[in-house]
Asks: 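A single structure is presented below for examination.
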Amino acid sequence: QVQLVESGGGEVESGGSLQLSCEASGFVFSQYAMSWYRQAPGKDRELVAIIDKNKNTNYGLSVKGRFAVSRDNDKNTVYLQMNNLKPEDTGVYYCHERFSDTWGHGTQVTVSS
């Protein structure tokens, strides 16, 4: 079955950087778009970034210019490089595969001011 496992979260000061990883299994990774979402306490889950099978990317307005999504099809892994982090970036970050509607368990990112 499809499985997604995120890693790389943690606590960082405002202006810092983190890289998240999501390792996928159970499907032909290279053929599917992958997304990153996040959910802050008390807020709805929001789309952060998406990368399609051709490595075209799209971003949420609040992270555009600061975050970069990439994928390594040989490693079945999608990455989220987060730069110039702000306290409002705090939340649980989830990896998502749309076709099977599979979510990872999430990884916590905390940005302190």
Side-chain angles (χ1 to χ4, degrees):
Q1 72 276 23
V2 176
Q3 288 190 319
L4 304 172
V5 179
E6 302 99 333
S7 61
E11 185 165 353
V12 65
E13 291 186 350
S14 183
S17 298
L18 282 174
Q19 186 183 61
L20 307 183
S21 300
C22 171
E23 186 171 356
S25 60
F27 65 108
V28 183
F29 177 78
S30 61
Q31 296 302 305
Y32 293 92
M34 297 295 298
S35 305
W36 285 97
Y37 284 76
R38 69 184 181 189
Q39 188 164 22
K43 295 190 176 181
D44 292 335
R45 197 169 290 190
E46 64 169 339
L47 177 66
V48 175
I50 184 168
I51 183 166
D52 71 13
K53 66 177 183 179
N54 297 316
K55 300 187 177 180
N56 298 307
T57 60
N58 207 350
Y59 298 92
L61 286 176
S62 62
V63 306
K64 209 167 188 177
R66 300 187 296 121
F67 290 13
V69 60
S70 61
R71 65 191 297 161
D72 185 335
N73 290 336
D74 291 333
K75 295 182 179 179
N76 285 1
T77 299
V78 59
Y79 303 96
L80 185 68
Q81 178 64 43
M82 305 185 294
N83 299 323
N84 191 21
L85 282 160
K86 304 176 182 181
E88 51 264 42
D89 295 317
T90 294
V92 180
Y93 283 69
Y94 298 91
C95 185
H96 181 246
E97 194 284 298
R98 182 188 300 182
F99 185 78
S100 64
D101 194 23
T102 299
W103 295 88
H105 57 84
T107 186
Q108 176 71 43
V109 172
T110 302
V111 185
S112 57
S113 56

Asks: Looking only at heavy atoms, what is the nearest atom pair of S17 and N83, with distance?
Replies: OG-OD1, 3.0 Å

Asks: Could you state the interatomic distance from OG (S7) to CD (Q19), rounded to the nearest 0.5 Å?
Replies: 9.0 Å

Asks: Taking atom CD as the centre, does Q81 end up with more than 12 heavy-atom neighbours from other residues, nucleotides or ligands that are less than 6.0 angstrom away?
Replies: yes

Asks: Under the disulfide (SG to SG under 2.5 Å) definition, can you give me all pairs with a residue in residues 64-113, not counting sequence neighbours?
Replies: C22-C95

Asks: Mind checking what makes salt bridge (Lys or Arg N to Asp or Glu O under 4.0 Å) contact with E46, not counting sequence neighbours?
Replies: R38

Asks: About how many Å separate OG1 of T90 and NZ of K43, when rounded to the nearest 0.5 Å?
Replies: 10.0 Å

Asks: With the side chain counted from C-beta on, respond yes when K55 and R71 share a heavy-atom pair under 4.5 Å apart, and no when they do not.
Replies: yes

Asks: Measure from the side-chain N and O atoms of N54 to the backbone N and O of N56, and report whether any donor-acceptor pair falls under 3.5 Å.
Replies: no

Asks: Restricting to salt bridge (Lys or Arg N to Asp or Glu O under 4.0 Å), what partner residues turn up for R66, sequence neighbours left out?
Replies: D89

Asks: How many angstroms lie between CD in Q3 and OG1 in T102, if you round to the nearest 0.5 Å?
Replies: 9.5 Å

Asks: Apart from V12 itself, what residues make up its hydrophobic cluster when side-chain heavy atoms of I, L, V, M, F, W and Y under 4.5 Å apart count as a link, directly or indirectly?
Replies: V2, L4, L18, L20, F27, F29, Y32, M34, W36, V48, I51, Y59, V63, F67, V69, V78, L80, M82, L85, Y93, F99, V109, V111

Asks: Taking only residues two or more places apart in sequence or in another chain, which ones pass side chain to side chain contact (heavy atoms under 4.5 Å, CB included) with E11?
Replies: T110, S112

Asks: Locate the shortest heavy-atom distance separating S113 from S14; write the atom from each residue and the value.
Replies: CA-CB, 4.2 Å

Asks: Does E6 use its side chain to pair, donor to acceptor, with the backbone of H105 at less than 3.5 Å?
Replies: yes

Asks: Which residues end up grouped with W103 if you chain together Ile, Leu, Val, Met, Phe, Trp and Tyr wherever their side-chain heavy atoms are less than 4.5 Å apart?
Replies: Y37, L47, V92, Y94

